[in-house]
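Protein chains get the first letters and strands the later ones, always in sequence-line order, with residue 1 at the start of each.
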2 protein chains.
Amino acid sequence: MLKLTKKVDYALLALSFLSQQEEGQVVNIREVSEAYQIPTEILAKVLQRLSKKGILQSHHAPKGGYSLKKPARNVSILDVINAIDGSVGILSCSDGHEKTCQQIDNCDIRSPLERIQGKIMWLLEDMSLEEFIHSEPTTGGVLHGSINLLGQPR
Amino acid sequence: MLKLTKKVDYALLALSFLSQQEEGQVVNIREVSEAYQIPTEILAKVLQRLSKKGILQSHHAPKGGYSLKKPARNVSILDVINAIDGSVGILSCSDGHEKTCQQIDNCDIRSPLERIQGKIMWLLEDMSLEEFIHSEPTTGGVLHGSINLLGQPR
DNA sequence: TTAATAACAGACCATTTTGGTCTGCGATTA
DNA sequence: TAATCGCAGACCAAAATGGTCTGTTATTAA
């Protein structure tokens with residue numbers, strides 16, 4: 001529920017890794033997969049999609065690999081999620097095939113949910129890969145301690 | 001991706017329906033399921049959980065049913081999601097069993113993701129059921145006019 | 001007192017989504 | 001021209017989710 005897929009995790013890890021490279025440096029899949037213990041085959045797919053969506057530049061040759069196509073500043077987290085998962089949508093009926101939704105006729109919650117969804121998307125759109133990567137570490141054990149991020153002002 | 005489950009949809013629909021009742025009025029599962037075409041058995045489970053979590057009051061008798069236990073103003077959307085799905089967490093490794101995460105040792109993205117998650121949770125916590133229900137309708141076609149087109153169809 | 005009503009409980013199965021594997025092809029360059 | 005790398009898609013396995021089935025328990029009205 002509201003969870004990112006592992007593929008998005010892998011994408012963000014790889015992008016993080018690539019961002020740390022020198023300008024123009026290419027990195028191949030194996031290097032990334034070894035750095036983070038990600039199965040190469042699935043990482044390959046992830047990077048392919050990022051490349052197809054214009055986030056990565058691929059160098060299709062020996063000594064080739066991938067590099068960022070745009071500055072990390074110009075890539076949003078939403079871009080990454082969209083590239084990998086298709087699209088973000090908290091509504092379970094927002095798959096473009098609304099006919100399948102039994103509740104569509106008298107659905108009281110659609111527009112409120114759209115508002116929430118809009119906020120989430122704005123939030124994801126608003127954070128660039130650069131900002132994401134240089135995010136200050138939070139203090140350890142946050143997640144299992146108490147989710148004290150809750151009260152944190154934005 | 002980042003999608004709410006149908007059970008949460010059902011919960012929100014039911015809560016919306018219950019909010020529209022007069023004070024003290026109880027509604028049984030069948031009435032709700034007919035109003036929205038939701039299978040009664042699964043709706044039963046959803047309402048049971050809401051009741052167990054203190055969001056609904058159950059009346060276990062003939063002519064019984066459910067009613068809101070607290071004013072809609074005092075129930076957040078996050079409360080509802082937590083009641084139904086357990087907990088919200090965008091991290092795929094945040095299940096309390098981190099040992100299973102291969103990337104934990106050199107994970108560059110954990111704390112940034114925690115920040116995003118915190119923001120999302122704040123947003124969900126900040127919206128009450130009352131606000132949710134009385135949300136202004138968005139102009140038609142928002143979903144398909146813009147949001148949905150951001151990613152490729154699957 | 002008892003039968004009807006409605007919630008409670010959990011095992012169970014089906015479907016969908018996701019993660020991951022396997023196989024082969026295509027581009028580039030040393 | 002062979003080695004290295006990405007590209008592509010079929011395919012399978014595992015997990016999450018949606019939904020069904022069977023039965024139990026509490027309350028009330030007849």
Practice task
Anything under 4.0 Å to a heavy atom of chain A counts; send over the first and last such nucleotide of DNA chain D, read 5' to 3'.
Solution key: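 It runs D:dA3 to D:dT17.
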
Practice task
Determine, for A:Lys45 against A:Glu41, whether the closest basic-nitrogen to carboxylate-oxygen distance falls under 4.0 angstrom.
Solution key: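 Salt bridge: no.
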
Handout entry: Salt bridge present between B:Glu114 and B:Arg110 (N-O < 4.0 angstrom)
Key =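 Answer for the salt bridge query: yes.
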
Problem - Atom pair CG (A:Asp108) and OH (B:Tyr36), whose distance is rounded to the nearest 0.5 Å - result: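 The CG atom of A:Asp108 sits 4.0 Å away from the OH atom of B:Tyr36.
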
Exercise for the section: Check B:Ser67 against B:Gln25 and note the closest heavy-atom contact, atom names and distance. Expected result: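 The answer is CB-O, 3.6 Å.
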
Handout entry: Minimal non-hydrogen separation, B:Gly64 against B:Asn28, with atom names
Key =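 Scanning both residues, the minimum pair turns out to be O-CB, 3.7 Å.
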
Exercise for the section: Using the closest heavy atom to pick a nucleotide of DNA chain C for each, name whichever of B:Lys45 or B:Asn28 lands nearer the 5' end. Expected result: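 Its nearest nucleotide lies further toward 5', so the answer is B:Asn28.
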
Practice task
Select from A:Thr40 and A:Ala61 the residue whose nearest nucleotide in DNA chain C is closer to the 5' end of that strand.
Solution key: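 Between the two, 5'-proximity favours A:Thr40.
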
For atom [atom1] of [X] and atom [atom2] of [N], their distance in whole Å:
X	N	atom1	atom2	value
B:His59	C:dC8	NE2	C1'	15 Å
B:His60	C:dA4	NE2	P	17 Å
A:Gln48	C:dC25	CD	C1'	12 Å

Exercise for the section: With DNA chain D as reference, determine whether B:Pro39 or A:Gly64 sits nearer its 5' end, using the nearest nucleotide of each. Expected result: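 On the 5' side of the pair lies A:Gly64.
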
Exercise for the section: Please check the phosphate of C:dT18 (OP1 and OP2 only) for any side-chain N or O of A:Tyr10 closer than 4.0 Å. Expected result: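 A:Tyr10 to C:dT18 OP1/OP2: no side-chain N or O under 4.0 Å.
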
Handout entry: Within 6.0 Å of NZ in B:Lys63, more than 12 heavy atoms from elsewhere
Key =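 12 or below, so no.
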
